[in-house]
Amino acid sequence: MATLSAIIPSTVYVPPSFSYSQAVRMGDLIFVAGQVAEDAKGELVGKDDIRAQTVQVFENLRLVLEAAGSGLDLVGKVTVLTTSLAYRPVIHEVRSKVFGPTGHYPASTLAVITSLAKPEFLVEIDAVALVRQDCPH
């Protein structure tokens, strides 16, 4: 039976009302919680700037994946939540720059919603990825 292990890296912000894990490893899969545009201190990056926020979100995603023994090159699926369809081209551009060098683009779902956890968040992205083969269980 596969074991579950929580991944709580110190390189990303953990809210004080912490009631979730940044990622969970289940066997050879990593499930990463939705990442938002906060730096390691919990400060918003890119107020009203979808490009800056998307870059920060992917940086947080990278940090969590690496702490979990994975990486952007092993992402199989992302879910992108955004507060405006007008942000789609910028999100797509940043996502292409992030995943282009990996040699593949993950499956992706995009949803436009009325609000994220804080009104200043413009985008949130979660992911499912494989664990590196050389990463111990």
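- Separation of atoms CG (L74) and CD (E66) is listed at 10.5 Å; rounding is to 0.5 Å.
- Rounded to the nearest 0.5 angstrom, E38 CD and E120 CD are separated by 7.5 Å.
- Side chain of Q133 to backbone of V131: no donor-acceptor contact under 3.5 angstrom is found.
- Under the 4.5 Å side-chain heavy-atom criterion for grouping Ile, Leu, Val, Met, Phe, Trp and Tyr, I7 is not connected to V75 through any hydrophobic cluster.
- A donor-acceptor pair is defined here as one N or O able to donate and one able to accept, closer than 3.5 Å; no such pair exists between the side chain of T83 and the backbone of S115.
- Side-chain contact between T109 and K77 is present, with at least one heavy-atom pair separated by less than 4.5 Å.
- For K97, the NZ atom counts as loosely surrounded, since its 6.0 Å shell holds 12 or fewer non-hydrogen atoms of other residues, nucleotides or ligands.
- Using cut-offs of 30° and 60° on the angle between ring planes, the pair F99 and H104 is tilted.
- The backbone N or O of T79 sits less than 3.5 Å from a side-chain atom of D126, completing a donor-acceptor pair.
- Of all heavy-atom pairs spanning S96 and P101, the tightest one is O-CD, 4.3 Å.
- The OG atom of S10 sits 9.5 Å away from atom CG of L63, with the distance rounded to the nearest 0.5 Å.
- Nearest heavy atoms, P9 versus A67: CB-CB, 3.5 Å.
- The line from CZ of R95 to CG of L72 is 13.0 Å long, rounded to the nearest 0.5 Å.
- Of the possible polar contacts, none joining the T82 side chain to the V123 backbone as a donor-acceptor pair under 3.5 Å is found.
- The two atoms that bring V78 and P106 nearest to each other are CG1-CG, 4.3 Å, heavy atoms only.
- In this view, S84 satisfies the side-chain hydrogen bond (donor to acceptor under 3.5 Å, both in side chains) rule with no residue, not counting sequence neighbours.
- The distance from atom CZ of R132 to atom CD1 of I30, rounded to the nearest 0.5 Å, is 11.0 Å.
- Transitive grouping of hydrophobic side chains (ILVMFWY, heavy atoms separated by less than 4.5 Å) keeps V45 and V57 in distinct clusters.
- By the rule that hydrophobic residues join a cluster once side-chain heavy atoms approach within less than 4.5 Å of another member, Y87 and L110 end up as members of one cluster.
- Hydrophobic cluster of L116: the remaining members, joined at side-chain heavy-atom separations below 4.5 Å, are V36, L44, L81, I113, F121, listed by chain and number.
- Legend: side chain to side chain donor-acceptor pair (under 3.5 Å) pairs involving residues 44-57, not counting sequence neighbours, sorted by first then second residue: R51-E93, Q56-N60.
- For the atom pair Q22 CD and Y13 OH, the distance stands at 11.0 Å (nearest 0.5 Å).
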